[in-house]
Amino acid sequence: MGDVNSEFSAGPLDYYRKQASFDWRKMKEFIYSKEELNFLKNAHNKIKQYPEFLPPTTALSFDEERYRTYRQSAIARGHPGVLFDEDFFMYYDFAPSTQTRLAMTLTVFNGILGAFGDEDLQEIRKQSEQGKISGCFILTEIGHGTNVKGIRTRATYDKESDEFIIHTPDFEAAKAWGGGLGNAATHALFFAQLYVDGKNHGPHIFLAPIRHPDTLLPYPGVTVGDMGEKIGLNGVDNGFLIFNNYRVPRKYLVNKTGGVTSQGTYSTPFESPSQRFAASLLALSGARVGVIISSETLGGHAVTIAVRYSGVRRQFGPQDEEIPILEYQTQQYRLLPYLASVYVFKVFSRYLKGIFNEHVRIIKQGDIHDYISMLGIEIHVITSAAKPLYTWIMRDAIQSSREACGGHGYLKAAGIGNLRNDQDAALTYEGENWVLNQQTSNFLLKIWPSILEGTTLAFPVNSGDYLNDAINILNTFKFSANNFEELYRLDVILDTFKWLVCYLLKRTYDKRQELLQNGANKFDAGNNIQVFYAKRLSTAYIQHFILKKFEEKILSCLDTSLKTVLERILLLYGLFSLDKYLDVLYQGGFIAGDRPASLIQDGITEMCSRLKNDAVSLVDAIAAPDFVLNSVIGSSDGQVYHHLENALFSSPYGTERPTWWKDIVNWQNIASTPPNSKL
Ligand SMILES: Cc1cc2nc3c(=O)[nH]c(=O)nc-3n(C[C@H](O)[C@H](O)[C@H](O)COP(=O)(O)OP(=O)(O)OC[C@H]3O[C@@H](n4cnc5c(N)ncnc54)[C@H](O)[C@@H]3O)c2cc1C
């Protein structure tokens with residue numbers, strides 16, 4: 001299943017499959033490139049051959065889960081181009097712990113060495129690519145995460161020995177959370193404050209060998225351990241790392257953004273420390289693109305399970321016969337806007353991956369300043385707003401899917417709980433969502449005065465072109481729809497978002513000026529505009545761009561049946577998103593009276609109802625194979641009760657009497673046991 005050449009088994013989902021207005025195979029081929037479909041098909045065929053990738057038959061202990069993930073990672077490493085592909089981020093559809101591990105140990109570790117390390121470090125990168133060593137990347141410390149400038153690990157240059165002395169002054173300065181570090185990493189890339197002759201040049205990236213590759217024992221001067229059990233992603237060995245005056249050669253400073261000569265002279269190609277720092281952080285955009293694709297994939301799994309279950313599960317009905325719960329307006333509202341989000345996000349992630357890869361290509365051919373070129377900055381601004389939006393909406397998609405499946409959705413065998421726990425970490429890593437959003441809003445606030453002065457700003461990938469026309473948009477744009485026919489036009493929704501961005505930008509900027517004029521310092525003024533101003537600005541900015549890219553995708557569609565359903569998807573996603581801004585639309589006078597809000601809200605339920613009969617085929621087009629979804633209630637044959645029965649009867653806890661059954665019979669013995677006595 002999942003392959004365009006396969007058929008679904010006949011069963012309870014036929015009712016909806018027969019009503020679909022389009023061919024799910026054509027939709028699949030429209031959303032994914034041929035290359036990606038081939039990759040996924042080969043990857044699925046391959047992993048099916050390994051028991052490590054098949055769903056476990058019993059619950060795994062912490063150590064078993066670790067070992068399983070490690071074995072999966074090793075198998076994936078042994079099949080480059082088949083099970084993972086660094087360039088295309090295509091391995092996100094199965095085994096979230098393994099993907100995360102591979103992303104950190106291969107994509108990020110090798111990517112940073114490749115982009116920022118000079119010739120001396122390329123040998124280490126090659127060894128990592130060949131699997132001779134295992135890397136990790138650690139920015140975070142126990143006491144500092146988002147505030148990278150506040151980290152306290154020190155790297156002091158020692159001219160006598162031509163080495164850096166790496167030191168962790170106390171536990172709060174221990175490097176923390178490194179993925180792949182807890183059990184396995186032989187090498188760590190990490191941020192430390194660079195000191196030369198007593199002067200601090202700020203956080204720089206260093207490399208250190210930390211464990212012997214043959215014995216995995218830490219080198220003297222290194223203490224390394226595991227962060228312990230987490231609420232998800234337990235296959236990933238997130239670790240901590242402490243250095244005790246540990247020495248590494250000078251060449252282990254990853255030096256393209258700033259280096260030290262053997263005479264102890266520091267130099268950087270950048271004009272200011274803040275530019276240098278920005279360039280090293282901009283390089284992390286790639287990992288964010290990975291998180292974006294991963295969360296849209298996990299959200300897609302959850303929505304697939306819930307839509308299929310809703311097509312089969314029946315409760316109540318107008319007459320004797322019960323109806324599928326997908327027929328209920330509430331069920332549609334709880335699932336279909338998220339299904340639409342998954343579609344819109346899939347299209348945007350693929351676009352983002354494309355511009356990111358192109359940027360990396362430019363950097364590889366150009367020089368280090370390309371990181372802070374307008375293209376690099378625009379990509380950073382886009383990923384900084386997209387990562388929070390994707391991960392929050394997919395969190396809601398997974399949670400709503402869980403609830404929409406009722407009690408059975410709460411079973412581990414339903415497959416949604418694991419998705420929720422594994423996806424949850426994405427809200428925090430690669431930039432904590434609330435803080436990351438500020439990167440986008442800060443950039444927009446910075447350019448607002450130039451916009452007011454009439455300077456034309458260039459956006460290389462056109463995410464904010466319309467801002468050059470902001471004054472006109474604010475003065476002339478008004479909500480133009482008076483009825484559904486006028487509302488269901490893509491330009492109406494896109495224009496509304498343009499207005500929202502301009503209005504929120506002006507409002508956020510003005511609010512900050514007001515705070516400053518009332519005596520607030522810059523730090524406080526920046527903090528006190530976040531909740532209802534800057535955060536919503538950042539989100540509106542990316543919503544507009546995502547919608548624009550989906551509209552472009554629709555325009556490229558030549559199949560009328562696909563086009564109609566894609567337009568409905570865009571309208572549903574757009575209206576669902578706009579509903580969250582109704583207060584702003586009223587405040588700014590973009591809409592007035594009760595009609596526009598009713599139109600938008602009725603439009604949402606109307607679009608849900610129009611997409612209802614297509615929902616099962618829409619999930620069929622994006623669904624992972626059954627063995628990947630691993631859900632008793634969400635498999636493609638729709639045989640919910642049959643799979644549920646099998647699961648209950650084959651469970652070791654199913655029909656067996658527990659080994660401690662005598663204690664149930666003689667419960668009074670337990671109750672009368674004196675406190676503190678041994679079991
Ligand atoms: C599963 C997992 C894997 C990870 N893997 C890695 C890894 O491989 N390498 C690595 O280096 N790190 C990794 N991390 C760490 C992760 O990157 C950090 O947790 C993240 O950057 C947030 O930092 P923090 O935990 O110190 O939170 P803090 O920065 O302390 O933030 C805590 C809270 O304070 C708020 N806050 C902080 N500053 C501000 C501000 N200026 N304005 C408003 N609110 C603010 C935040 O929004 C957040 O809610 C991982 C984390 C997890 C959970």
Side-chain angles (χ1 to χ4, degrees), residues 65-66 69 73 96-112 134-153 171-185 187-192 203 205-206 210 224 226-241 280-281 283-284 286-288 290-291 294-295 298 384 387-388 391-392 395 418 420-442 522-535 538:
E65 193 171 340
R66 274 291 165 81
T69 300
S73 310
S97 280
T98 304
Q99 300 142 18
T100 309
R101 218 180 163 281
L102 289 172
M104 293 316 292
T105 56
L106 294 175
T107 317
V108 175
F109 183 81
N110 296 346
I112 289 178
S134 175
C136 66
F137 172 69
I138 336 159
L139 193 146
T140 311
E141 294 183 353
I142 292 286
H144 285 94
T146 23
N147 181 12
V148 183
K149 284 187 180 161
I151 60 161
R152 291 175 47 244
T153 303
F171 177 66
E172 285 179 31
K175 301 309 294 181
W177 283 104
L181 170 66
N183 298 142
H187 286 69
L189 272 176
F190 58 94
F191 271 89
I205 305 175
F206 290 84
I210 53 168
V224 56
D226 192 84
M227 294 298 289
E229 200 164 348
K230 303 180 290 272
I231 54 179
L233 289 180
N234 273 310
V236 185
D237 50 330
N238 290 100
F240 65 87
L241 179 61
S280 37
L281 291 187
L284 303 178
R288 241 159 251 151
V291 174
S294 160
S295 51
L298 298 188
S384 298
K387 187 260 181 183
T391 53
W392 272 324
R395 171 203 60 191
N418 281 350
R420 183 173 62 184
N421 293 350
D422 288 344
Q423 136 77 13
D424 197 11
L427 278 67
T428 300
Y429 58 46
E430 299 311 332
E432 199 286 323
N433 278 1
W434 281 84
V435 186
L436 190 59
N437 254 325
Q438 295 178 27
Q439 297 281 314
T440 304
S441 53
N442 285 346
K522 264 173 94 174
F523 185 80
D524 285 344
N527 280 336
N528 296 335
I529 52 169
Q530 292 303 322
V531 179
F532 294 110
Y533 300 85
K535 178 183 174 265
S538 172

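Numbering of ligands and ligand atoms starts at 1, following listing order. The figures here come from the full heavy-atom set of this structure, side chains too, leaving out hydrogens, waters and symmetry mates. All of these numbers come straight from a predicted model, not from anything done at the bench. Numbering starts at 1 and runs along the sequence shown.
Looking from atom 2 (C) of ligand 1 to the surrounding protein, the closest heavy atom is Y429 CD2, 3.4 Å. Atom 46 (C) of ligand 1 has E432 OE1, 3.4 Å as its closest protein atom, hydrogens excluded (heavy atom only). For atom 25 (O) of ligand 1, the closest non-hydrogen atom on the protein side is T428 CG2, 4.7 Å. The protein heavy atom nearest to atom 45 (C) of ligand 1 is V435 CG2, 3.6 Å.
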Please set out all donor-acceptor pairs under 3.5 angstrom arising from side-chain atoms of residues 136-146, sequence neighbours excluded.
| from | atom 1 | to | atom 2 | distance (Å) |
| --- | --- | --- | --- | --- |
| E141 | OE1 | R152 | N | 2.8 |
| E141 | OE2 | R152 | N | 3.4 |
| E141 | OE2 | T153 | N | 3.1 |
| E141 | OE2 | T153 | OG1 | 2.6 |
| E141 | OE2 | K175 | NZ | 3.1 |
| H144 | ND1 | G150 | O | 3.2 |

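Of all heavy-atom pairs between Y429 and K387, the closest is O-NZ, 2.9 Å. Here the closest non-hydrogen pair linking V108 and A287 is CG2-CB, 3.9 Å. Across G179 and M104, no two heavy atoms sit closer than the pair O-CB, 3.8 Å. For the pair N437 and S538, the tightest heavy-atom approach, listed with the atom from each and the gap, is OD1-OG, 2.6 Å.
For atom 14 (N) of ligand 1, the nearest protein heavy atom lies under 4.0 Å away. Protein heavy atoms come within 4.0 Å of atom 20 (C) of ligand 1. Within the 4.0 Å cut-off (strictly below), no protein heavy atom is located near atom 33 (C) of ligand 1. The nearest protein heavy atom to atom 50 (C) of ligand 1 is closer than 4.0 Å.
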- request: Give the intermediate values and the outcome of side chain to side chain donor-acceptor pair (under 3.5 Å) for residues N433 and T391.
  value: CA-CA 8 Å; N433 278 1; T391 53; 2.9 Å; yes
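No donor-acceptor distance shorter than 3.5 angstrom exists from the side chain of N234 to the backbone of E229, with no hydrogens or angles considered. In terms of modelled atom types and a separation under 3.5 Å, the side chain of R66 and the main chain of V236 share a donor-acceptor contact. Using modelled atom types, one side-chain atom of T105 and one backbone atom of R101 make a donor-acceptor pair closer than 3.5 Å.
Only the side chain of N238 comes within contact range of ligand 1, with a heavy atom under 4.0 Å; no backbone atom does. Using a 4.0 Å cut-off between heavy atoms, Q438 contacts ligand 1 through its side chain alone, with no backbone atom that close.
In this structure, CG on L189 lies 6.0 Å from CD1 on I112, to the nearest 0.5 angstrom. Here CG of L298 is found 11.5 Å from CG of N421. Values are rounded to the nearest 0.5 Å.
Near A425, meaning under 4.0 Å from one of its heavy atoms, ligand 1 places the atoms 1 (C). Within ligand 1, counting atoms from 1 as listed, the ones closer than 4.0 Å to a heavy atom of L139 are 10 (C), 11 (O). Distances below 4.0 Å separate heavy atoms of G145 from the following atoms of ligand 1: 23 (O), 24 (P), 26 (O). Atoms of ligand 1 lying under 4.0 Å from at least one heavy atom of G179, given by number and element, are 7 (C), 8 (O).
Among F523, W177, F109, the residue whose heavy atom lies closest to atom 53 (C) of ligand 1 is W177. For atom 37 (C) of ligand 1, the choice among T146, V108, L233, V236 with the nearest heavy atom turns out to be T146.
Among the atoms of F137, some N or O lies under 3.5 angstrom from an N or O of ligand 1. Where the criterion is an N or O separation shorter than 3.5 Å, residue side chain and backbone included, M104 fails it with respect to ligand 1. Looking at ligand 1, you won't find any N or O of N147 less than 3.5 Å from one of its N or O atoms. Backbone and side-chain nitrogen or oxygen atoms of T140 are examined, and one is located within less than 3.5 angstrom of a nitrogen or oxygen of ligand 1.
D524 is linked by a salt bridge (charged side-chain N to carboxylate O under 4.0 Å, His left out) to nothing, counting only residues two or more places apart in sequence or in another chain.
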